[in-house]
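A note on names: the letters A, B, ... follow the listed sequences, proteins ahead of strands, and every chain is numbered from 1. The structure presented is a predicted model; accordingly, all values stated were derived computationally and were not measured. For the numbers below, each heavy atom of this structure counts, side chains included, while hydrogens, waters and symmetry mates do not.
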Amino acid sequence: MSGVGSGYDLSVTTFSPEGRVFQTEYAGKATDNGVPCVGVCCKDGAILAVEKPEETKMMLPNSNRRIFTVSRHCGMAVPGKLPDGRQIVSRAQQEAENYKRFYGETIPTKVLTDRLANFCHVFSLYWHLRPLGSAALTASFDDDGPHVYLSETNGVSYRYYGIAVGKGRQGIKTELERMKLDQMTCKEALKAVCKCLIKQRDDSSNKKFEIELAWISEETGREFVRVPADLAKECEAAAKKEIEQEEDDDSDMEG
Amino acid sequence: MNTLKGTDGGPHTGTTIVAVAYDGGVVLGADSRVSTGTYVSNRASNKITSLCDKVFLCRSGSAAHTEAISDYVRFYTSQHASEIGQGKEPTVKSVASILKQMSYSNKGLMAAMIVAGYDKKMGGQVFGSPIGGTMVEMPWAIEGSGSTYIWSFFDDEYKEGMSREETERLVLEGIAHAMARDGSSGGLVRLVTVDKDGAKSQVFQGKDVPMILGDMAEPKSNAATVVW
């Protein structure tokens with residue numbers, strides 16, 4: 001892979017002649033090659049989903065969390081390097097707490113994600129630091145409704161109707177564009193999100209995986225919580241079934 | 001409540017300040033006397049300062065302390081307004097919170113204040129911020145040395161669901177009552193009414209301030225007999 005950035009990619013404080021900072025782009029690759037994460041904003045709430053491959057049989061399921069609560073009204077998924085991601089989550093929790101203490105109100109999501117983006121950006125300004133290797137996918141419920149934001153490690157932060165990062169994100173993004181998210185409730189979208197994640201898997205390996213799901217909606221009382229285990233299982237199973245059905249239909253058509 | 005400080009305390013807004021919320025906004029009112037001991041250093045001061053477009057502060061206690069605090073709070077509020085984005089305005093609660101942090105973290109300050117204003121989220125709100133740095137939302141709040149004389153007046157006369165005119169009348173009368181009895185309150189009555197369209201100021205002086213006669217006889221002539 002050497003060649004593109006030769007010579008200009010040795011330090012985060014070096015620009016290339018085209019104006020690129022290669023180290024921040026390489027940091028972005030940590031997220032791009034990481035676990036698939038999806039965030040969608042529905043009519044009545046927002047959902048975060050992460051698909052994690054089973055690293056080893058010896059690890060207890062659900063012990064390597066990738067979705068965290070930042071404050072009551074806001075949660076975050078961290079693709080990419082998990083230790084770096086935990087730094088971001090920790091900072092977000094502090095920002096939310098400080099804001100509440102100073103202004104007496106819950107932090108608006110835009111303010112939180114802007115501050116996080118600035119935080120990530122700082123790491124690209126100093127020679128003795130390295131950029132963080134994880135983006136932050138935020139789902140929240142403000143006064144004006146549900147929000148989904150992606151704060152990238154290079155310092156940008158945008159709001160989305162639906163977004164995917166990590167492996168297979170292009171396929172998932174295409175699927176998301178087809179969905180009418182603003183007309184679906186969270187419950188309806190849950191199965192669709194599972195389907196997106198499962199579909200993009202390279203199933204030839206037949207490895208085990210688990211899907212971590214969390215959401216925030218009117219139904220959860222505008223509190224960011226994990227999707228109840230039984231509902232999550234149900235959605236996963238239903239999604240798998242639908243995919244198998246579609247594959248059968250496809251092979252029927254071909255045959 | 002607030003004791004009279006001698007000249008060693010500097011100019012002292014021995015004062016009457018009032019704020020009352022109504023459906024659709026708030027009315028803030030204050031007298032205009034600033035005293036240094038028994039000398040009235042300013043008889044037409046403005047004790048109602050703006051913190052942002054639709055949030056105002058009534059000041060009582062040390063004039064220096066409250067002016068410094070309001071400058072800081074105005075600054076932090078404008079920073080906050082930039083951060084939350086162009087389409088939004090700071091809520092009354094967040095401005096009051098900033099003020100409370102300053103009062104609470106600097107216990108030596110002598111500042112008893114009332115923050116009142118209007119925001120789209122919760123409408124008209126009044127936050128009392130007495131000395132020490134508490135912050136409590138209330139339907140109406142009074143502070144200052146003159147306020148001791150009008151607690152019962154407001155307890156009796158305040159009603160929920162008053163109109164803007166009724167609330168302005170209530171505040172004006174309350175302050176007039178306090179000015180009649182408190183030596184450190186007097187001069188003009190300034191009112192500021194804040195609603196969704198912004199803030200409007202009014203000044204009442206001389207004949208326009210209700211006369212609180214008590215046991216005094218009605219004035220015989222038409223000449224301006226002012227109870228200051």
Requested in this report: For S97(B) and G104(A), work out which heavy atoms get closest and say how close.
Outcome: OG-N, 3.1 Å
Query raised in the report: Has D53(B) got more than 12 heavy atoms of other residues, nucleotides or ligands less than 6.0 Å from its CG?
Result: no
Query raised in the report: Quick check: are there more than 12 heavy atoms from other residues, nucleotides or ligands sitting under 6.0 Å from OH of Y158(B)?
Result: yes
**Report entry** Which portion of Q101(B) sits near chain A, non-hydrogen atoms under 4.5 angstrom
**Finding:** side chain
Report task. Tell me, for R101(A) versus chain B, whether the close heavy atoms (under 4.5 Å) come from the side chain, the backbone, both or neither. Result -> both
Query - Within 6.0 angstrom of R181(B) CZ, more than 12 heavy atoms from elsewhere - result: no
Report task. State, with a plain yes or no, whether a side-chain heavy atom of E105(A) is found less than 4.5 Å away from one of K121(B). Result -> yes
Requested in this report: Please work out whether the ring planes of Y103(A) and H80(B) are parallel, tilted or perpendicular, with thresholds of 30° and 60°.
Outcome: parallel
Query raised in the report: Near Q87(A) CD, under 6.0 Å, is it more than 12 heavy atoms from other residues, nucleotides or ligands?
Result: no
**Report entry** Part of D143(A) lying under 4.5 Å from any heavy atom of chain B
**Finding:** side chain
Query raised in the report: Hey, what do you get for OH (Y99(A)) to OG (S94(B)), rounding to the nearest 0.5 Å?
Result: 6.5 Å
Query raised in the report: So does E219(A) have more than 12 non-hydrogen atoms from other groups sitting under 6.0 Å from CD?
Result: no
Requested in this report: Could you tell me whether K187(A) atom NZ has more than 12 heavy atoms of other residues or ligands within 6.0 Å of it?
Outcome: no
Requested in this report: For residues V111(A) and I84(B), report the shortest heavy-atom separation together with the two atoms involved.
Outcome: CG2-CA, 4.0 Å
